[in-house]
Amino acid sequence: NSKKIISVLLVVALVMSMFALTSCKKEEDVLTVYTNAEFPPFEYLSDNKPVGVDMQIAQAIADELGMKLEIKNVKFDTILTSISSGKGDLGIAGITVTPERAESVNFSENYITSTQYMVIKNDSEIKTIEDLAGLKIGVQLGTTGDFIISDEISGTEDEETGEHIKGVLEGTGATVTQYNSAADAAVNMDSGKVDVVVIDMLPAEIVAGQYDNFKAIELVYADGSKTDESYAVAVKKGNKELLDTVNKVINRLIEEGKIDKWVVEHTTQSSKG
Ligand code: GLN
């Protein structure tokens, strides 16, 4: 009878609308961002949730795409492989653009510049990287600070001639210890396991501020030269559409002064306590 047919049709319609609803939540509508939430003010945990300048950038990109943001908090040195393998959509973690990294991922436009810093004791006489001769140096594993210190201790090879280029710390007895975060490295500096920590400027200043007897100074060479870095968002190679959207959002945020504003806000926030 017709009543039965109508009720069957109603049930069918109901089931179909439920499918439609659940398919709205299908995976393509989630933007997966990989980070390492141990790098304030760019990313740090607040109530166990990753927050910070980069997380606000991530949210702005997700909003632009009309997608739900999912953040994966992982070790820094695994982020780029997760992006190049397609496991995650974006890597946003204060990632410095380097030619080597640009071989495995595409980088967006730069959104901030930085330099390396040295966290030292207040009464330390250290002024230049050459002053780290013979010292125990703590770094964060797989970061540019790690690369610079490791290269200065081991020396490098001239790409064309293969000739050995002596590092400024080579043969001085200086050693490098790699930690998973600047905070970890600082704890080990406090207990005397390392003498100094080398890490990016703002994280260095924040971590130094957490110890009464630590300060942070810029890493300079005796000849006055400095490191010079820019952060960008990592996107899987070939994903031009996503890269274009990321660039559009970054340019807008820079123009609106949002990034500078967030840096100030999150520096204050993450320095508390
Ligand atoms: N900017 C540094 C790098 O890319 C450190 C980044 C970080 O520790 N999150 O290596």
Side-chain angles (χ1 to χ4, degrees), residues 33-46 49-58 71-84 88 90-119 129 137-153 156 176-189 194 196-208 210 216 218-219 226-235 246 250 259 262-263 266-267 269-271:
V33 171
Y34 275 66
T35 197
N36 169 244
E38 308 203 63
F39 199 67
F42 299 99
E43 39 271 328
Y44 56 100
L45 293 178
S46 172
K49 224 184 95 221
V51 295
V53 179
D54 288 344
M55 301 303 98
Q56 298 213 245
I57 296 174
I71 295 167
K72 299 264 193 224
N73 183 17
V74 299
K75 285 192 183 158
F76 180 76
D77 69 318
T78 68
I79 295 173
L80 290 184
T81 20
S82 296
I83 303 310
S84 58
L90 301 174
I92 317 186
I95 303 171
T96 300
V97 179
T98 72
E100 294 76 24
R101 289 172 174 172
E103 279 172 19
S104 64
V105 293
N106 281 338
F107 280 111
S108 71
E109 288 179 32
N110 303 335
Y111 61 88
I112 207 124
T113 56
S114 182
T115 63
Q116 290 299 312
Y117 263 53
M118 305 188 276
V119 178
I129 184 168
I137 309 165
V139 296
Q140 185 181 357
L141 175 67
T143 63
T144 41
D146 181 8
F147 302 154
I148 290 166
I149 295 303
S150 298
D151 282 354
E152 294 299 1
I153 290 177
T156 50
V176 64
T177 309
Q178 295 148 324
Y179 297 97
N180 278 321
S181 70
D184 255 12
V187 167
N188 282 281
M189 180 172 150
V194 292
V196 48
V197 174
V198 172
I199 187 99
D200 297 31
M201 174 174 73
L202 293 175
E205 286 179 338
I206 290 171
V207 83
Q210 282 154 359
E218 191 169 13
L219 188 152
K226 295 170 178 183
T227 59
D228 176 13
E229 306 188 8
S230 299
Y231 297 171
V233 174
V235 185
V246 170
I250 284 180
I259 305 224
W262 291 337
V263 166
H266 286 287
T267 300
Q269 276 298 111
S270 59
S271 303

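All ligand and atom numbering here is 1-based and tracks the order in the structure. Here, residue 1 is the first one in the sequence, and each next residue gets the next number.
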### Message
Angle between ring planes, Tyr111 versus Tyr231, binned at 30° and 60°: parallel, tilted or perpendicular?
### Response
perpendicular
### Query
After noting the C-alpha distance and the side-chain angles of Ile148 and Thr227, does the key distance pass the side chain to side chain contact (heavy atoms under 4.5 Å, CB included) rule?
CA-CA 9 Å; Ile148 290 166; Thr227 59; 3.5 Å; yes
### Query
Would you say the side-chain atoms of Gln140 and Asn180 include a donor-acceptor pair closer than 3.5 Å?
no
### Task
Quick one: closest heavy-atom pair of Pro50 and Leu45, and the distance?
N-CD2, 3.7 Å
### Message
For a quick test of reading the model, state the closest non-hydrogen atom pair linking Ala93 to Asn36 and the distance between them.
### Response
CB-N, 4.1 Å
Are there any N/O pairs under 3.5 Å between ligand 1 and the protein, and if so, what are their distances?
unit_1   : atom_1 : unit_2 : atom_2 : d
ligand 1 : 1 (N)  : Gly94  : O      : 2.8
ligand 1 : 1 (N)  : Thr96  : OG1    : 2.7
ligand 1 : 1 (N)  : Asp200 : OD2    : 2.6
ligand 1 : 4 (O)  : Thr96  : N      : 2.8
ligand 1 : 4 (O)  : Thr96  : OG1    : 3.3
ligand 1 : 4 (O)  : Arg101 : NH1    : 2.8
ligand 1 : 8 (O)  : Gln140 : OE1    : 2.9
ligand 1 : 9 (N)  : Ala93  : O      : 2.8
ligand 1 : 10 (O) : Arg101 : NH1    : 3.4
ligand 1 : 10 (O) : Arg101 : NH2    : 2.9
ligand 1 : 10 (O) : Thr144 : N      : 2.7
ligand 1 : 10 (O) : Thr144 : OG1    : 3.4

### Query
Looking only at side chains, do Glu229 and Thr96 share a donor and an acceptor under 3.5 Å apart?
yes
